[in-house]
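Throughout, residue positions are numbered sequentially from 1 according to the sequence presented. Worth knowing before you read on, the calculation uses all heavy atoms, side chains too, and leaves out hydrogens, waters and symmetry mates. Keep in mind the model is a prediction, meaning the values are calculated, not measured. Every number for a ligand or one of its atoms is a count from 1 in the order of the listing.
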Amino acid sequence: MIHKLPIYVSGEIVRGFGRGSKELGIPTANFSLDVVKSLPESLQTGVYYGWAKVNDSEVYKMVLSVGWNPFYNNKEKSLETHIMHKFDCDLYGRTLRICIVGYLRPEQNFKSLDDLIKAIKSDIEAAKTLLDEAENQKLQHAPFFSTKH
Ligand SMILES: Cc1cc2nc3c(=O)[nH]c(=O)nc-3n(C[C@H](O)[C@H](O)[C@H](O)COP(=O)(O)O)c2cc1C
Ligand SMILES: Nc1ncnc2c1ncn2[C@@H]1O[C@H](COP(=O)(O)OP(=O)(O)O)[C@@H](O)[C@H]1O
Ligand SMILES: [Mg+2]
């Protein structure tokens with residue numbers, strides 16, 4: 001069964017393997033294992049799009065990867081958000097809030113790093129367009145993003 005969307009998740013940004021920026025050129029803000037374990041069982045692994053906010057920033061578009069990163073064969077499930085905004089410094093320790101709006105595709109293995117990068121870039125383009133739809137635009141104004149913490 002596919003979990004009903006949107007769902008809202010928040011938590012501290014922690015360190016991953018450092019591959020996102022160095023190997024892919026696409027940084028992903030990782031949540032802790034505690035947050036990953038708190039996800040509903042029925043949220044299937046794969047690639048999603050939605051909205052993201054870091055501490056009291058604006059709300060930005062994002063793409064999200066949920067799973068074991070088959071290309072790297074990770075041992076722990078991860079929940080990683082690429083925020084579509086250029087930040088001047090790193091975000092470790094800050095609070096990330098995300099609204100998961102829609103599903104794009106299952107996680108895949110790829111023949112080369114270049115193919116993985118191409119797939120993620122195409123996810124980013126798809127997410128940009130989908131998030132411009134009126135129904136999805138509304139979600140960036142959800143009360144979840146405006147409450148103080
Ligand atoms: C939009 C998006 C799609 C992704 N799709 C895949 C995928 O299909 N297969 C895969 O192995 N990893 C996928 N990843 C995860 C990357 O492999 C991962 O972000 C990278 O290894 C960085 O990990 P790190 O945060 O531990 O450094 C995706 C990441 C993003 C942001
Ligand atoms: N646009 C962005 N989206 C996500 N993380 C970003 C972004 N810009 C800078 N960062 C920083 O880069 C880190 C992610 O890079 P990455 O190489 O995936 O490292 P890690 O493996 O520690 O998650 C984030 O934790 C954050 O501190
Ligand atoms: Mg990361």
Side-chain angles (χ1 to χ4, degrees), residues 2-3 5-133 135-137 139-140 142 144-145 149:
I2 296 180
H3 196 277
L5 297 176
I7 66 173
Y8 300 92
V9 182
S10 71
E12 190 186 330
I13 298 174
V14 303
R15 282 180 193 277
F17 293 102
R19 296 171 183 144
S21 323
K22 288 205 187 76
E23 289 181 26
L24 307 175
I26 305 162
T28 58
N30 295 38
F31 280 118
S32 70
L33 200 55
D34 281 355
V35 173
V36 177
K37 285 180 175 158
S38 73
L39 290 173
E41 286 275 323
S42 53
L43 184 74
Q44 68 182 98
T45 61
V47 180
Y48 294 82
Y49 61 92
W51 298 105
K53 174 171 175 164
V54 180
N55 282 1
D56 52 5
S57 77
E58 278 173 51
V59 177
Y60 302 110
K61 291 177 175 177
M62 66 79 166
V63 279
L64 173 76
S65 161
V66 184
W68 286 271
N69 298 0
F71 185 77
Y72 292 102
N73 202 8
N74 285 359
K75 295 290 172 278
E76 299 286 6
K77 190 173 177 181
S78 72
L79 183 58
E80 308 173 20
T81 306
H82 171 68
I83 306 158
M84 294 186 214
H85 177 73
K86 175 109 186 56
F87 291 94
D88 294 330
C89 53
D90 77 49
L91 310 172
Y92 296 116
R94 298 195 197 175
T95 300
L96 173 63
R97 292 194 250 185
I98 60 169
C99 170
I100 308 176
V101 173
Y103 178 80
L104 287 173
R105 63 171 175 89
E107 287 215 305
Q108 287 163 243
N109 201 346
F110 292 94
K111 283 201 218 75
S112 68
L113 188 63
D114 204 42
D115 288 345
L116 171 62
I117 295 169
K118 278 193 191 129
I120 299 177
K121 289 198 169 150
S122 135
D123 296 330
I124 292 171
E125 290 314 308
K128 281 185 191 160
T129 309
L130 286 160
L131 287 165
D132 281 338
E133 290 178 6
E135 276 302 296
N136 294 337
Q137 279 282 317
L139 291 165
Q140 68 181 301
F144 170 75
F145 286 122
H149 58 95

Exercise for the section: Take every heavy atom of N30, measure it against each atom of ligand 1, and state whether any distance is under 4.0 Å. Expected result: yes
Completion exercise
Shortest non-hydrogen pair, V63 vs A127, comes out as CG1-CB, 3.5 Å
Practice task
Output yes when D123 and K118 qualify as a salt bridge under the 4.0 Å nitrogen-oxygen rule, no when they do not.
Solution key: no
Practice task
Assign the ring pair Y8 / F144 to parallel, tilted or perpendicular, where the plane angle (0 to 90°) is split at 30° and 60°.
Solution key: tilted
Handout entry: ligand 1 contact by K22, heavy-atom criterion under 4.0 angstrom
Key = no
Exercise for the section: Measure Y92 to ligand 2 on non-hydrogen atoms and call it side chain, backbone, both or neither using the 4.0 Å cut-off. Expected result: both
Problem - Within-shell test, P70 vs ligand 1, heavy atom, strictly < 4.0 Å - result: yes
Problem - Protein residue, atom and distance nearest to atom 5 (N) of ligand 2, heavy-atom basis - result: A29 N, 3.7 Å
Problem - Per-atom contacts, ligand 2 versus R15 - under 4.0 Å to a heavy atom - result: 22 (O)
Practice task
Distance to 0.1 Å, residue and atom name: give those for the protein heavy atom nearest to atom 20 (P) of ligand 2.
Solution key: G16 N, 3.3 Å
Problem - Taking atom 26 (O) of ligand 1 as the reference point, the nearest protein heavy atom with its distance - result: F17 N, 2.9 Å
Problem - Any donor-acceptor pair under 3.5 Å from E107 side chain to W68 backbone - result: yes
Fill in the blank from the handout: A student checking ligand 1 against G20 at a 4.0 Å heavy-atom cut-off should list atoms 22 (C), 27 (O)
Problem - Sub-4.0 Å atoms of ligand 2 with respect to non-hydrogen atoms of T81 - result: 4 (C)
Completion exercise
Judged by heavy atoms only, the candidate from I13, L91, I83 nearest atom 1 (N) of ligand 2 is I83
Handout entry: Donor-acceptor contact below 3.5 Å, side chain K61 vs main chain M84
Key = no
Exercise for the section: Show which atoms of ligand 2 fall inside a sub-4.0 Å distance from at least one heavy-atom site of D90. Expected result: 27 (O)
Completion exercise
Tightest non-hydrogen contact, residues G67 and T45, listed as CA-CG2, 3.9 Å
Exercise for the section: Distance to 0.1 Å, residue and atom name: give those for the protein heavy atom nearest to atom 8 (N) of ligand 2. Expected result: F87 CD1, 3.7 Å
Problem - atom 6 (C) of ligand 2 [closest protein heavy-atom partner, distance rounded to 0.1 Å] - result: P27 CB, 3.6 Å
Handout entry: Heavy atom of the protein closest to atom 23 (O) of ligand 2 (residue, atom name, distance)
Key = N30 OD1, 2.7 Å
Practice task
Would you give the length of the straight line joining atom CZ of R19 to atom CG of L113, rounded to the nearest 0.5 angstrom?
Solution key: 10.5 Å
Completion exercise
Here the pair of heavy atoms bringing I124 nearest to H82 is CD1-CD2, 3.7 Å
Exercise for the section: Would you list the protein N, O or S atoms within less than 2.8 Å of the Mg ion (ligand 3), leaving out water? Expected result: T28 O, T28 OG1, N30 OD1
Completion exercise
Looking only at non-hydrogen atoms, the one of L24, N74, L116, N73 nearest atom 6 (C) of ligand 1 is L116
Problem - Nearest heavy atoms of F145 and Q140, plus distance in Å - result: CD1-O, 3.6 Å
Practice task
Among all protein heavy atoms, pick the one closest to atom 21 (O) of ligand 2 and tell me residue, atom and distance.
Solution key: G18 N, 2.5 Å
Practice task
Answer yes or no: does an N/O atom from Y72 fall short of 3.5 Å to an N/O atom of ligand 1?
Solution key: no
Practice task
For H85, counting its heavy atoms only, list the atoms of ligand 2 lying under 4.0 Å from any of them.
Solution key: 1 (N)
Handout entry: Numbered atoms of ligand 1 (with element) below 4.0 Å of D123, judged on heavy atoms
Key = 1 (C), 3 (C)
Exercise for the section: Quick one: closest heavy-atom pair of V59 and W51, and the distance? Expected result: CG1-CB, 3.7 Å
Exercise for the section: Take the angle between the ring planes of Y60 and F87 and call it parallel below 30°, perpendicular above 60°, tilted in between. Expected result: perpendicular
Practice task
Would you check whether F110 has a nitrogen or oxygen atom less than 3.5 angstrom from a nitrogen or oxygen atom of ligand 1?
Solution key: no
Problem - Nearest non-hydrogen protein atom, atom 7 (C) of ligand 1 - result: Q108 O, 3.5 Å
Problem - Close approach, W68 and ligand 1, non-hydrogen under 4.0 angstrom - result: no
Completion exercise
Closest non-hydrogen contact found for L130 with Y49 is CD1-CE2, 3.6 Å
Handout entry: Per-atom contacts, ligand 1 versus V47 - under 4.0 Å to a heavy atom
Key = 1 (C), 3 (C), 4 (C), 5 (N)
Fill in the blank from the handout: re atom 5 (N) of ligand 1, the protein heavy-atom contact at minimum distance is R105 NH2, 3.1 Å
Completion exercise
Within the 4.0 Å heavy-atom cut-off, what I120 brings close to ligand 1 is side chain
Problem - Polar contact flag for M84 and ligand 2 (N/O pairs, less than 3.5 Å) - result: no
Handout entry: Residue F17 vicinity, atoms of ligand 2 by number, heavy atom under 4.0 Å
Key = 21 (O)
Problem - Short side-chain to backbone donor-acceptor contact, Q137 and L131, under 3.5 Å - result: yes
Handout entry: Distance from atom 11 (O) of ligand 1 to nearest protein heavy atom, with residue and atom
Key = F71 N, 2.8 Å
Practice task
Test the R15-Y92 pair against the cation-pi criterion, namely NZ or CZ under 6.0 angstrom from the six-membered ring centroid and within 45° of the ring axis.
Solution key: yes
Exercise for the section: Give the residue, atom name and distance (to 0.1 Å) of the protein heavy atom nearest atom 14 (C) of ligand 2. Expected result: T28 O, 3.0 Å
Fill in the blank from the handout: shortest atom 18 (C) of ligand 1-to-protein heavy-atom contact is with E80 OE1, 3.1 Å
Completion exercise
Any heavy atom of S65 under 4.0 Å from ligand 1? The part involved is side chain
Problem - Contact (N/O only, under 3.5 Å) between L64 and ligand 1 - result: no
Handout entry: S21, any N or O under 3.5 Å of ligand 2 N or O
Key = yes
